[in-house]
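Heads up, the thing below is written out as structure tokens.
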Protein chains: 2
Amino acid sequence: MKIEFYQKLAKVAPEKTVFATNSSTLLPSQFAAYTGRPEKFVALHFANEIWKHNTGEVMKHPGTSDEVFESLLVFAKQIGMVPLAIHKEQPGYIVNSLLVPLLSAGMDLWIRDVADIETVDKTWMVATGAPLGPFGILDVVGITTAYNINKMVADKTKDPVKLKIADKLKAEFIDKGKLGVETGEGFYKYPNPSFKQKDFLK
Amino acid sequence: MKIEFYQKLAKVAPEKTVFATNSSTLLPSQFAAYTGRPEKFVALHFANEIWKHNTGEVMKHPGTSDEVFESLLVFAKQIGMVPLAIHKEQPGYIVNSLLVPLLSAGMDLWIRDVADIETVDKTWMVATGAPLGPFGILDVVGITTAYNINKMVADKTKDPVKLKIADKLKAEFIDKGKLGVETGEGFYKYPNPSFKQKDFLK
């Protein structure tokens with residue numbers, strides 16, 4: 001469907017027009033050939049709007065021209081994003097490449113009963129000075145997204161820990177409408193989650 | 001050697017004495033039997049002293065009594081640590097279980113030339129509000145420790161990415177005396193690393 005879209009767009013858009021995709025998971029090189037202007041095709045990814053700051057990740061595919069790449073970085077800055085240059089295309093850009101391993105490690109500790117979610121978050125917040133721990137971040141990202149990623153990996157790898165995480169996210173969160181900050185409850189209750197209380201880090 | 005140590009200590013210490021190990025990598029259950037008091041044996045792990053805040057991770061082994069576990073949590077708090085309860089023993093406690101995957105993901109992006117270290121750190125700092133990105137944290141942890149962990153995994157798994165990371169940390173950092181914050185240079189130069197400059201997050 002995306003291929004067809006780009007083929008149609010290629011016909012109607014002026015030759016000079018730069019195409020930018022905001023896809024989170026598909027690589028730009030999968031579509032570059034269909035745009036009729038691979039050198040003017042690039043990925044521009046905006047982070048989750050709930051973060052305080054705005055990341056504008058600009059990702060090349062092998063055929064993107066340096067000029068277009070640079071101009072997109074300038075554009076991202078002009079519209080108030082922090083421009084972040086990704087020189088080699090890969091799934092997940094930078095934010096998700098870093099976040100997924102951290103969040104997985106947190107859920108792993110939780111599902112194996114090593115420590116409760118507040119202790120995991122407290123440890124991270126105290127040790128690194130971060131404003132949110134893995135479960136606080138998961139509530140922002142949304143439990144549905146966390147579930148989808150875990151389910152995909154669980155189905156693919158049959159990893160019993162991932163399967164258990166996916167089952168638990170479904171049964172105890174999604175089925176109960178606890179989808180994170182957006183519904184007022186996820187791992188924590190909002191607007192006053194325990195990790196924001198004065199004595200949490202003591 | 002540790003076993004012999006605990007066997008000797010078991011003979012001379014009063015029966016009521018609680019033994020606590022601060023080992024970073026060995027599990028308490030490996031030694032519990034030699035202490036002559038497995039129910040009074042527990043792990044108490046202090047984080048890297050360079051962090052602003054102090055984590056006191058208290059980890060049970062299967063034979064630690066609840067009473068001793070609770071008393072160590074109280075003790076950790078009394079000596080100014082944030083007490084963190086780990087109910088099931090595992091290598092790396094909580095801090096390292098979370099940090100290692102994040103730092104690995106950052107080094108993976110760097111070694112594959114996806115993005116430079118400043119862009120990786122900037123992305124993390126902007127997206128999550130954290131005071132340090134993966135490479136800023138690596139400089140605090142120390143390049144030698146990062147090298148040792150990568151080398152161990154690389155030797156075990158023969159993962160070409162890990163091997164490349166280990167080689168580069170050795171040749172471009174350790175051999176040049178760039179060991180991180182402690183030597184004034186690692187991925188960044190101290191005391192005024194670029195990520196602390198006013199415009200870094202713009």
Side-chain angles (χ1 to χ4, degrees), chain A residues 47-48 51-60 73 77 80-90 92-106 108-109 112-116 118-134 136-137 140 200-202, chain B residues 47-48 51-60 73 77 80-90 92-106 108-109 112-116 118-134 136-137 140 200-202:
Chain A
N48 206 318
W51 296 113
K52 276 183 207 158
H53 307 281
N54 295 314
T55 53
E57 299 183 276
V58 180
M59 186 165 77
K60 291 179 75 161
L73 287 165
K77 185 157 191 166
M81 303 282 145
V82 177
L84 300 159
I86 304 179
H87 300 282
K88 195 179 281 182
E89 70 171 11
Q90 61 143 33
Y93 301 80
I94 298 175
V95 175
N96 288 342
S97 298
L98 297 174
L99 259 186
V100 171
L102 174 67
L103 302 182
S104 294
D108 187 75
L109 294 171
R112 294 190 297 110
D113 297 319
V114 171
D116 60 50
E118 291 191 328
T119 300
V120 172
D121 278 6
K122 191 186 295 191
T123 305
W124 187 248
M125 294 162 75
V126 171
T128 71
L132 294 175
I137 295 175
V140 175
F200 187 71
L201 297 185
K202 292 200 175 151
Chain B
N48 206 318
W51 296 115
K52 275 183 209 157
H53 307 282
N54 294 314
T55 53
E57 300 183 276
V58 180
M59 186 165 77
K60 289 179 76 161
L73 288 163
K77 186 155 190 167
M81 303 283 145
V82 177
L84 300 159
I86 305 179
H87 299 282
K88 196 180 282 185
E89 68 170 11
Q90 62 144 34
Y93 300 80
I94 298 174
V95 175
N96 289 341
S97 298
L98 297 173
L99 260 186
V100 171
L102 173 68
L103 302 182
S104 294
D108 187 76
L109 294 171
R112 293 191 298 110
D113 295 320
V114 171
D116 60 47
E118 291 190 328
T119 300
V120 172
D121 277 7
K122 193 186 294 190
T123 305
W124 187 249
M125 292 162 76
V126 171
T128 71
L132 295 174
I137 295 176
V140 175
F200 187 73
L201 298 184
K202 292 202 174 149

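Chain letters run A, B, ... following the sequence lines, proteins first and then strands; every chain starts at 1. The model shown is predicted, which means the values in this text are computed figures rather than measured ones.
Interface residue Lys77(A): only side-chain heavy atoms are found under 4.5 Å from chain B. Contact annotation for Ile86(B): both backbone and side-chain heavy atoms come within less than 4.5 Å of a heavy atom of chain A. Neither the backbone nor the side chain of Glu118(B) comes within contact range of chain A; no heavy atom of the residue lies under 4.5 Å from a heavy atom of that chain.
Listed options Pro134(A), Gly106(A), Ala85(A), Gly133(A) were ranked by heavy-atom pairs under 4.5 angstrom with chain B; first place goes to Ala85(A). Interface check for chain A: of the options Ser104(B), Ala105(B), Pro83(B), the most heavy-atom pairs under 4.5 Å are formed by Ala105(B). In terms of non-hydrogen atom pairs under 4.5 Å with chain B, the most contact-rich of Glu57(A), Met81(A), Gln90(A) is Gln90(A).
Contact annotation: the side chain of Leu109(B) approaches that of Leu98(A) to within less than 4.5 Å [non-hydrogen atoms, C-beta and beyond]. His87(B) is not listed as a side-chain neighbour of Asp113(A), based on a closest heavy-atom distance of 4.5 Å or more.
Atom OG1 of Thr128(B) and atom CG of Leu99(A) lie 7.0 Å apart (nearest 0.5 Å). Between atom CG of residue Leu103(B) and atom CG of residue Asp108(B) there is a gap of 12.5 Å, rounded to the nearest 0.5 Å.
Scanning all heavy atoms of the two residues, the minimum distance from Lys122(B) to Lys202(B) falls at NZ-O, 4.2 Å.
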